[in-house]
Amino acid sequence: AVKLAGQSETSKIEFGTMLQDDGKGAELVKQIQRFASDTPLAAAGIERVARTLLQFQVAQEDLLPIMKQLGDAAGGNQDKFARLALAFGQMRGTGQVTNEELNQMREAGFYPLAEMAKIVGRDVSVMKDEIAKGNVPFRVLEQALKDATSAGGRFNDGMARASKGLEGLTSTMGDDLDSLRRTVGEFIVDSFELKEGVKQISEGAKTTEKAFSGLHGSIKGLIIIVGVLVASLMFLAVTWKIGSSMIGIVIANYAHMTNTFRWVTGACADYTKALIINTGAAARAGYANATLSGAVGAAGGAMRAAAASS
């Protein structure tokens with residue numbers, strides 16, 4: 001919002017300079033913003049075209065009517081609008097119609113050769129030759145543009161028709177939202193005296209720079225060290241805050257973590273106990289097996305001795 005307000009103020013200053021009157025510049029910007037809100041054209045694009053036409057000495061009171069005609073001829077298309085305006089301005093600057101600029105217009109979708117031929121009462125083929133010879137004054141093109149975009153003309157209400165489409169509606173919505181943000185931004189700038197605040201910050205920066213430049217090298221180094229130290233302390237403070245948050249999370253979950261630890265410890269103890277029991281059982285089984293083997297061996301020896309006595 002503040003950025004849009006600043007851009008609007010810059011536009012007022014620029015047009016005020018071009019018109020040599022700040023009041024006229026501010027009024028023209030308001031007119032352009034209303035024009036953008038009522039058409040598929042964006043305010044920024046209209047401002048660029050207005051600057052172009054002013055550079056070709058179009059009077060302020062003629063700007064909006066001519067831009068409406070060019071916008072209708074362009075069918076509300078921003079790019080075609082700018083290209084038609086440039087060709088129009090170039091022919092206005094030279095005071096005569098040229099085939100080169102007419103071809104630029106044709107590429108942008110508007111070719112008023114038939115309208116011009118009708119105005120001067122000539123055939124279209126003859127009209128081309130007259131233009132090539134430089135015999136057609138700019139006022140003929142100017143009248144042809146009016147006729148083509150007036151009631152009954154081929155391009156009458158071209159922007160109005162385009163504004164009913166999705167692209168046109170979206171563009172108009174964007175301009176309306178920008179208008180709202182711009183109004184809010186202007187309120188913020190005025191209410192909080194932002195321009196004065198920016199000036200004070202700028203002056204403070206200049207004063208600080210001047211004072212710093214006049215210091216001895218060792219003092220500058222000390223200031224830099226202190227600055228680094230302060231920045232480090234701020235970093236530590238932020239880090240501590242994050243660490244404290246983590247500690248809080250750990251404390252909050254301490255009971256759950258303790259129970260989990262106890263369960264794991266208990267499970268490990270049970271496993272160890274079972275391992276010991278199994279190991280003891282395996283030892284006892286080994287001992288019993290050895291005893292049994294000894295008994296079997298003794299019995300076999302006795303049997304062999306008895307057989308020998310017989």
Side-chain angles (χ1 to χ4, degrees), residues 11 15 28-56 58-94 96-120 124 127-128 131 136 138-179:
S11 295
F15 282 117
L28 178 58
V29 170
K30 289 182 180 179
Q31 291 175 346
I32 288 174
Q33 290 170 355
R34 287 195 296 268
F35 184 54
S37 180
D38 295 336
T39 67
L41 302 172
I46 299 172
E47 286 186 3
R48 286 192 292 270
V49 166
R51 292 188 188 96
T52 297
L53 295 175
L54 286 173
Q55 289 171 354
F56 286 110
V58 174
Q60 180 189 0
E61 57 270 20
D62 296 331
L63 267 179
L64 286 179
I66 290 175
M67 288 195 295
K68 183 183 183 307
Q69 293 166 9
L70 292 170
D72 283 338
N77 181 278
Q78 191 75 58
D79 178 63
K80 293 179 179 180
F81 176 58
R83 289 159 63 188
L84 289 177
L86 179 59
F88 180 90
Q90 289 171 335
M91 286 185 278
R92 179 185 174 84
T94 60
Q96 66 182 32
V97 180
T98 66
N99 282 318
E100 181 180 357
E101 273 75 30
L102 275 182
N103 287 333
Q104 292 178 19
M105 284 190 157
R106 178 165 58 183
E107 290 172 359
F110 178 67
Y111 190 56
L113 189 63
E115 284 81 2
M116 288 191 295
K118 183 177 180 181
I119 291 170
V120 299
V124 172
M127 197 67 188
K128 287 182 179 180
I131 292 173
V136 180
F138 171 74
R139 58 179 176 79
V140 177
L141 171 68
E142 195 171 28
Q143 185 61 50
L145 177 62
K146 291 179 182 179
D147 293 346
T149 56
S150 299
R154 291 184 295 151
F155 298 90
N156 182 43
D157 289 335
M159 288 189 294
R161 290 195 294 270
S163 65
K164 297 177 183 179
L166 178 60
E167 187 175 353
L169 291 171
T170 302
S171 175
T172 300
M173 178 189 68
D175 284 316
D176 291 339
L177 291 175
D178 283 346
S179 179

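These values consider heavy atoms only, across backbone and side chains, with no hydrogens, waters or symmetry-generated copies. Numbers here are sequence positions counted from 1.
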Asks: Indicate yes or no for a side-chain donor-acceptor contact from Arg161 to the backbone of Gly76 under 3.5 Å, with no hydrogens or angles considered.
Replies: no
Asks: Taking atom CZ of Phe35 and atom CG of Leu63, what is their separation to the nearest 0.5 Å?
Replies: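 Here the interatomic distance stands at 10.5 Å.
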Asks: Between Leu102 and Pro112, is any pair of side-chain heavy atoms under 4.5 Å apart?
Replies: yes
Asks: Roughly how far, to the nearest 0.5 Å, is the CE atom of Met105 from the CD atom of Gln90?
Replies: 9.5 Å
Asks: What I want to find out is whether Lys80 reaches Glu107 closely enough, with some N-O distance under 4.0 Å, to be called a salt bridge.
Replies: no
Asks: For Ala148 versus Phe110, what's the shortest heavy-atom pair and its separation?
Replies: CB-CE1, 3.8 Å
Asks: Do Leu113 and Met116 have side chains that get closer than 4.5 Å, going by heavy atoms?
Replies: yes
Asks: With a 4.0 Å cut-off on N to O distance, would you call Arg83 and Asp79 a salt bridge?
Replies: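 Yes, charged N to carboxylate O under 4.0 Å.
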Asks: Quick check: closest heavy atoms across Gly71 and Leu41, and the distance to 0.1 Å?
Replies: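 For Gly71 and Leu41, the tightest heavy-atom pair comes out as CA-CD1, 4.3 Å.
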Asks: Output the distance between atom CG (Asp72) and atom CZ (Phe155), rounded to the nearest 0.5 Å.
Replies: 10.0 Å
Asks: Treating Gln33 as the side-chain partner and Ala43 as the backbone partner, does any N or O pair qualify as donor plus acceptor under 3.5 Å?
Replies: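 Not a single qualifying donor-acceptor pair exists.
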Asks: How about Glu115 and Arg154: do any of their side-chain heavy atoms sit closer than 4.5 Å?
Replies: yes
Asks: Rounded to the nearest 0.5 Å, what separation is found between the CD1 atom of Ile66 and the CG atom of Leu70?
Replies: 7.0 Å
Asks: Is the shortest side-chain heavy-atom distance between Phe88 and Gln104 below 4.5 Å?
Replies: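 Not in contact.
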Asks: Please find the pair of heavy atoms, one from Leu145 and one from Ala73, that lie closest to each other, and give the distance.
Replies: CD1-CB, 4.2 Å
Asks: For the CD1 atom of Ile46 and the CG atom of Leu28, what is their distance to the nearest 0.5 Å?
Replies: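 Here the rounded value is 10.5 Å.
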Asks: Would a 4.5 Å heavy-atom cut-off, applied to side chains only, mark Leu169 and Ser163 as touching?
Replies: no
Asks: Less than 4.5 Å apart, any side-chain heavy atom of Gln96 and any of Phe138?
Replies: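 When only atoms from C-beta onward are counted, Phe138 and Gln96 do not touch, as no gap falls below 4.5 Å.
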Asks: Surrounding CZ of Arg34 (heavy atoms of other residues, nucleotides or ligands, distance under 6.0 Å), is the total greater than 12?
Replies: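 More than 12 within 6.0 Å, yes.
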Asks: Check this for me: Arg48, atom CZ, are more than 12 non-hydrogen atoms of other residues, nucleotides or ligands nearer than 6.0 Å?
Replies: no
Asks: Where do Glu61 and Pro65 come nearest, in terms of heavy atoms and distance?
Replies: O-CD, 3.6 Å
Asks: With a 4.0 Å cut-off on N to O distance, would you call Arg51 and Glu47 a salt bridge?
Replies: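 Salt bridge between Arg51 and Glu47, a charged N being under 4.0 Å from a carboxylate O: yes.
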Asks: Rounded at 0.5 Å granularity, tell me how far CD1 in Ile32 sits from CG in Leu64.
Replies: 7.0 Å
Asks: Can you find a heavy atom in the side chain of Ile131 that is under 4.5 Å from one in the side chain of Asn99?
Replies: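 Yes, close enough: below the 4.5 Å cut-off.
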Asks: Report yes if the side chains of Phe15 and Gln60 come closer than 4.5 Å at any heavy-atom pair, otherwise no.
Replies: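 Side chain of Phe15 against side chain of Gln60, heavy atoms only: no contact under 4.5 Å found.
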Asks: Apply side chain to side chain contact (heavy atoms under 4.5 Å, CB included) to residues Val136 and Val120 and explain how you reach the verdict.
Replies: CA-CA 9 Å; Val136 180; Val120 299; 5.7 Å; no
